[in-house]
Amino acid sequence: MKSKRTWSLILAAALTLSALPALAKTNYVTIEELYLQTREGWHGAYQSAVKAGGMKKGDAFRIDLEIEVPDVEKCPMVELQVNTDLYLDEDVSMRESARAGTGLLEVDTMYNRKTDEGFSLNDEVYSWCPDGQGKNSPLTMGDATDIMMVLAEKYFKVDNLVVLGNQAFGGTVTTDNPYLVQFYNDLDYGWYWLSAVQQFEGIPVLFSGENTRSWFPTSCVWAEIYKDGLYSISGATLKQVGMRHEDLPLLPWSEIQKSIEKLIKSGKIINVYQVRFGYQLVLMEKGTSNHVGWLGDRKSYPEGTFDRVYQVRPVWRLLAYEVGTFDKEEIAGEPSARKGMRPSTAMAIDAQTGEVVYSPEAGQVSNSIEPKILTWKDVK
């Protein structure tokens with residue numbers, strides 16, 4: 001008769017063997033391997049799973065994309081803080097938040113935005129130039145990008161920005177704000193709007209973090225470039241202060257593609273048009289994190305509170321048409337043209353699990369405080 005200890009050992013061995021296939025199902029890769037896996041891009045035919053945004057259920061669409069992965073050797077978990085080492089020039093219009101230790105700054109040489117009434121950017125409708133060239137502008141988009149980088153190095157003292165989005169505009173604007181109407185309509189040339197994020201160890205920080213308990217820093221710089229010497233630049237930046245892990249394991253592209261295809265088949269998204277690898281900010285320890293936020297919220301910040309050390313998790317930035325709640329129910333007062341797909345939606349997909357961790361429709365899906373980050377020790 002076998003002893004109790006012998007049976008315990010047999011049972012333990014059986015449980016270990018039964019777990020091996022599950023562990024072997026996921027073969028994690030390095031970012032170097034991921035880069036090579038994605039060189040051919042993503043090409044395929046799909047069908048809309050829902051009726052939304054002018055498409056009927058079953059309508060066909062194609063995805064033909066380059067997949068943007070940094071050409072680097074490692075994907076480290078870097079540690080970051082808000083950058084408060086800013087250049088402050090008293091002769092230029094500055095937001096008071098720049099002097100409150102928040103890292104936020106706005107410089108504007110075109111006009112003074114410090115008015116009692118203020119204005120809402122949501123009220124503005126610009127004349128967009130789809131060819132990427134500002135109407136009658138002496139600059140190209142490339143010129144505007146170069147100017148933005150010089151300004152960022154001067155005011156934020158950073159040289160690691162990468163442009164995330166840009167648009168060219170004409171000189172007209174429709175808005176309820178008479179001040180803006182006069183300002184923009186008096187221009188006889190167009191201008192450029194650009195947004196940029198920072199890269200750390202060659203990898204861009206594409207998302208901030210957020211959850212029900214805490215908010216995280218805004219880590220983006222925006223610019224309006226009119227011509228050399230006439231511009232507006234604003235935002236906040238980060239600085240690297242450490243590295244918690246030298247390299248993190250990542251799911252192969254095939255697994256990420258399956259995760260995105262599930263979103264398509266479930267009717268949550270339609271028509272993917274960008275997939276990009278990067279970071280999202282997280283906090284690995286419990287504690288409070290104040291939201292650096294938009295410039296308009298500056299009066300709500302306590303002074304000198306943004307000294308927390310933040311970490312990152314690897315994510316994919318998915319730009320797609322996210323089907324919103326207004327597709328499923330009538331909203332009083334909403335014009336029918338607003339019903340349908342939500343364009344230009346940026347969703348975050350965890351690069352280690354394939355799960356959606358942020359969606360504008362659902363909000364922060366996965367907690368950004370104490371998230372589970374896999375190391376090579378965990379997956380080997």
Using side-chain contact (heavy atoms from CB on, under 4.5 Å), reason through Glu153 and Val158 one step at a time and then give a plain yes or no. CA-CA 5 Å; Glu153 191 165 357; Val158 298; over 6 Å; no
Test item: Trp191 and Ser137 side chains (from C-beta on) under 4.5 Å apart, heavy atoms: no
When rounded to the nearest 0.5 angstrom, what distance separates CD in Glu33 from OH in Tyr28? 14.0 Å
Does some side-chain heavy atom of Ile260 sit less than 4.5 Å from a side-chain heavy atom of Ile269? yes
Heavy-atom side-chain contact between Val275 and Trp316 under 4.5 Å: yes
Would you name the heavy atoms of Pro249 and Leu374 that are closest together and state the gap between them? CD-O, 3.3 Å
Gln352 and Arg313: side-chain donor and acceptor closer than 3.5 Å? no
Closest contact, heavy atoms only, Asp64 versus His43: OD1-ND1, 2.8 Å
Would you say the side-chain atoms of Thr38 pair up with the backbone N or O of Gly41, donor to acceptor, closer than 3.5 Å? no
I'd like to check Tyr35 versus Ile31 (side-chain heavy atoms, cut-off strictly below 4.5 Å). Are they in contact? no
Check: Trp253 and Val69 side chains under 4.5 Å, non-hydrogen atoms: no
Does some side-chain heavy atom of Asp85 sit less than 4.5 Å from a side-chain heavy atom of Lys239? no
Minimal heavy-atom distance between Cys220 and Ser195, with the atoms involved, is SG-CB, 4.2 Å
Between Phe277 and Cys75, is a side-chain contact (heavy atoms from CB on, under 4.5 Å) present by the stated rule, with each step listed? CA-CA 11 Å; Phe277 183 92; Cys75 178; 3.9 Å; yes
Just wondering, are more than 12 heavy atoms of other shown residues or ligands nearer than 6.0 Å to NZ in Lys157? yes
same_hphob_cluster(Phe156, Tyr87) at 4.5 Å side-chain heavy-atom cutoff: yes
Tell me, with the steps shown, if Val221 and Met148 meet side-chain contact (heavy atoms from CB on, under 4.5 Å). CA-CA 9 Å; Val221 175; Met148 180 187 189; 3.8 Å; yes
Candidates Glu201, Met284, Met243 - the one meeting side-chain contact (heavy atoms from CB on, under 4.5 Å) with Met77: Met284
Which heavy atom of Pro204 sits nearest to which heavy atom of Val197, and what is that distance? CB-CG2, 4.0 Å
Identify the heavy atoms of Pro371 and Leu283 that sit nearest to each other, and give their distance. CD-O, 3.6 Å
Worked verdict on Gln274 versus Glu66 for side chain to side chain donor-acceptor pair (under 3.5 Å): CA-CA 8 Å; Gln274 187 186 75; Glu66 292 183 3; over 6 Å; no
Not counting sequence neighbours, list each pair that qualifies as a salt bridge (charged side-chain N to carboxylate O under 4.0 Å, His left out) and has a residue in residues 240-253. Lys74-Glu246, Glu79-Arg244, Arg244-Glu285
What is the distance from atom CZ of Phe207 to atom CD1 of Ile349, rounded to the nearest 0.5 Å? 9.0 Å
Going through the distances and angles, do Leu164 and Arg317 end up as a side-chain contact (heavy atoms from CB on, under 4.5 Å)? CA-CA 11 Å; Leu164 196 59; Arg317 182 176 186 259; 3.9 Å; yes
For Asn160 and Gln199, indicate whether the former's side chain and the latter's backbone hold a donor-acceptor pair under 3.5 Å. yes
Quick check on the hydrophobic clustering: are Tyr155 and Val150 connected, directly or via other members, by side-chain heavy-atom contacts under 4.5 Å? no
Using the rule given for salt bridge (Lys or Arg N to Asp or Glu O under 4.0 Å), can you reason through Glu261 versus Lys258, listing the C-alpha separation, both sets of side-chain angles and the distance that settles it, and then say yes or no? CA-CA 5 Å; Glu261 288 172 339; Lys258 289 176 185 177; over 6 Å; no
Return the minimal non-hydrogen interatomic distance between Tyr358 and Gln280, and the atom names on each side. CB-NE2, 4.3 Å
Ion pair Asp378/Lys372, N-O distance below 4.0 Å: yes
Cut-off 3.5 Å, side chains only: do Gln198 and Tyr279 have a donor facing an acceptor? no
Here's a test for you: under side-chain contact (heavy atoms from CB on, under 4.5 Å), which of Ile63, Asp59, Asn271, Val272 qualifies with Tyr46? Ile63
Decide whether Leu80 and Val309 are clustered together by the hydrophobic rule: side chain heavy atoms of Ile, Leu, Val, Met, Phe, Trp, Tyr closer than 4.5 Å, transitively. no
Distance col, row Thr84:OG1 vs Leu238:CG, nearest 0.5 angstrom, shows 11.0 Å
Quick one: pull up CD in Glu255 and OG1 in Thr353 and give me the separation to the nearest 0.5 Å. 11.0 Å
Starting at CD of Gln81, measure out to OG1 of Thr237 and round the result to the nearest 0.5 Å. 12.0 Å
Pair Glu224-Tyr226, side-chain donor/acceptor within less than 3.5 Å: yes
Close side-chain approach of Leu194 to Ile225, heavy-atom, < 4.5 Å: yes
Rounded to the nearest 0.5 Å, what separates atom CG in Leu318 from atom CG in Leu263? 7.0 Å
Are Val241 and Leu281 connected in the hydrophobic side-chain network, where two residues link if heavy atoms are under 4.5 Å apart? no
Compare all side-chain heavy atoms of Tyr192 with those of Leu139 and state whether any distance is below 4.5 angstrom. yes
